[in-house]
Participant: 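The following block contains the structure, expressed as structure tokens.
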Amino acid sequence: MSQERLNNKLLESLPAEVIKPAYDRSEVTTGIVHLGIGAFHRAHQAWYTENRIAAGEKDWGIVGASLRSAGVRDQLVPQNGLYSVVEKSNAGTKVQIVGAVSDVLVGPESPQQLLELLAQESVRIVSLTITEKGYCHDPASGDLNPQHPDVIHDLANPQAPKSALGYIVGALALRKERGLPGFTVLTCDNLPSNGKLLGNVLAQFAEKVDGELAAWIAKNTTTPSTMVDRIVPATTDADREELEALIGCRDEAAVMAEPFAQWVVEDNFLRGRPEWDKAGATFVDDVEVYELIKLRLLNGSHSMLAYSGYLAGFETVADVMAEPAFNKLALHFMKSEATTSIDVPADFDIAAYQAELIERFENRALRHRTWQIAMDGSQKIPQRWLGTLRHQLANNGPIEVLSFALANWIRYVSAVDEKGNAIEVSDPLAAELKAICDQFKPQGNETLAAAFLAFTPVFGDDLQQSAPLQQAVVSWLNKLDSEGTLAAVRSSFADL
Ligand code: CS2
């Protein structure tokens, strides 16, 4: 039978090796509202903030909000907002209880309450982890998608928005009306120039609401860019059971993470910020290059390994990396295609970064499912692969691994694996992508590849012009069809 849930009272009785809040939580006031309080936020920004609150910065407490389901609220609120960050590596397990989150609201249950919270004067930062698709943008252009159902809904229902953009613009309108200052909107999603992208879609959304409001928002908000990094797989029941044995109580909101964490932030805050640098974050004037390196090397390899690894029959990234040909392929991809597409600063030790990524992917203590990373490919591929690909095509550079990756993605979104089993493809464009497969696959791989490269929401309108790209994708599709993914990877990459 399960034991009592983690809560304020139980903090006292936790085992001595568990790190826990040693400050008085009742003295902490809300300075940050975080939209999209999933596992990543809890193991990253909230964990950095915990360090600063513990150091005495008590006016930077966090209230989280979920814009979709009540799941996280139901996990956290009965635990007084407390949860464990469980660091897992081959070196062992370390548990820290984080107390930075005081409450969680659920947008759809009470939109007015969330708008009022965002309009509260003490709130100086509104941070976001809403995933790529939460920006309601067109991934190929970075502009607001005015046809997005949430955009249409929110413009018609400003009192009860669904999207983060609707909430932020609605709250800023209240602040303007009430003569209150604006806030910093801090995006922590894996998008290139994420602050600029956010600023752009916010401005385009606000403009549709009211031109004067859009002008006020431009003056009374900042949207710094950030590069966020920590591998945080979805928590499983087995993880919770294991933790329960360690800490002696039940934590429904626990998150599993690797020991590594990195946060590079553009120092452009409107009304102050926690001293996250003292907790290990780096503040810089320009985040762009760090973000490109991370997106193209880490996330680019992750997605490549996720589609191909899934189709090769591997459940987790660590399993994929245990296959020598895949392991070599990952490093080869980083070196030959991803790194050469970036102007890496002279003082950045890229070889060490690549080696560290390989080690992080090999972490067997984390069970990061290939299926999880494979989610939302249509929203991820442009920034993870296509910038690299465009660079290489323009410079007659290597495209072997990225065309391999694209061929695997095409096979993955067909929604049937090599054994004929269904794949549960989770992607906002899953139906369109499957329809392309169903319609064109019977006409052969040439037609199929051409139809994919002409799918403009992902590929824009330039990549369909590239004959070398199309040929490379076709030859990989042929090879994968005839040999199967695992054998094809072994025959192609084992001797790298
Ligand atoms: C992963 C990322 O799920 C995914 O798409 O590539 O969540 C990755 O683990 C993080 O960006 C690491 O910082």
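Indexing begins at 1, ligand by ligand and atom by atom, following the structure's order.
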Participant: List, pair by pair, the atoms of ligand 1 and of the protein that are both N or O and lie under 3.5 Å apart, giving the separation rounded to 0.1 Å.
Facilitator:
unit_1	atom_1	unit_2	atom_2	d
ligand 1	5 (O)	Lys380	NZ	2.8
ligand 1	5 (O)	Arg384	NH1	3.0
ligand 1	5 (O)	Arg384	NH2	2.9
ligand 1	6 (O)	Asn299	ND2	3.1
ligand 1	6 (O)	His302	ND1	2.8
ligand 1	6 (O)	Arg384	NH1	3.1
ligand 1	11 (O)	Asn190	ND2	2.9
ligand 1	11 (O)	Lys294	NZ	2.7
ligand 1	11 (O)	Asn299	ND2	3.0
ligand 1	13 (O)	Asp229	OD1	2.6
ligand 1	13 (O)	Arg230	N	3.0
ligand 1	13 (O)	Arg230	O	3.3
ligand 1	13 (O)	Lys294	NZ	3.1

Participant: With a 6.0 Å cut-off on the ring centroids, do Phe493 and Phe404 count as close?
Facilitator: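 Yes, the ring of Phe493 comes within the 6.0 Å limit of the ring of Phe404, centre to centre.
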
Participant: Quiz question: by atom type and distance under 3.5 Å, do the side chains of Trp385 and Ser303 form a donor-acceptor pair?
Facilitator: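 Side chains of Trp385 and Ser303: no pair found under 3.5 Å.
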
Participant: Sort out for me which residue in Trp409, Tyr412, Phe459 forms a ring-ring contact (aromatic ring centres under 6.0 Å, His included) with Phe452.
Facilitator: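 Exactly one candidate clears the test, Trp409.
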
Participant: Going by atom types alone, do Ser127 and His34 pair a side-chain donor with an acceptor below 3.5 Å?
Facilitator: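 Side-chain D/A pair, Ser127 to His34: present.
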
Participant: For the residue pair Tyr48 and Trp263, is the inter-centroid distance of their aromatic rings smaller than 6.0 Å?
Facilitator: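 Between Trp263 and Tyr48, which both carry aromatic rings, the centre distance is below 6.0 Å.
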
Participant: For residues Phe361 and His368, establish whether the separation of their ring centroids is below 6.0 Å.
Facilitator: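 They do not qualify: ring centres at least 6.0 Å apart.
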
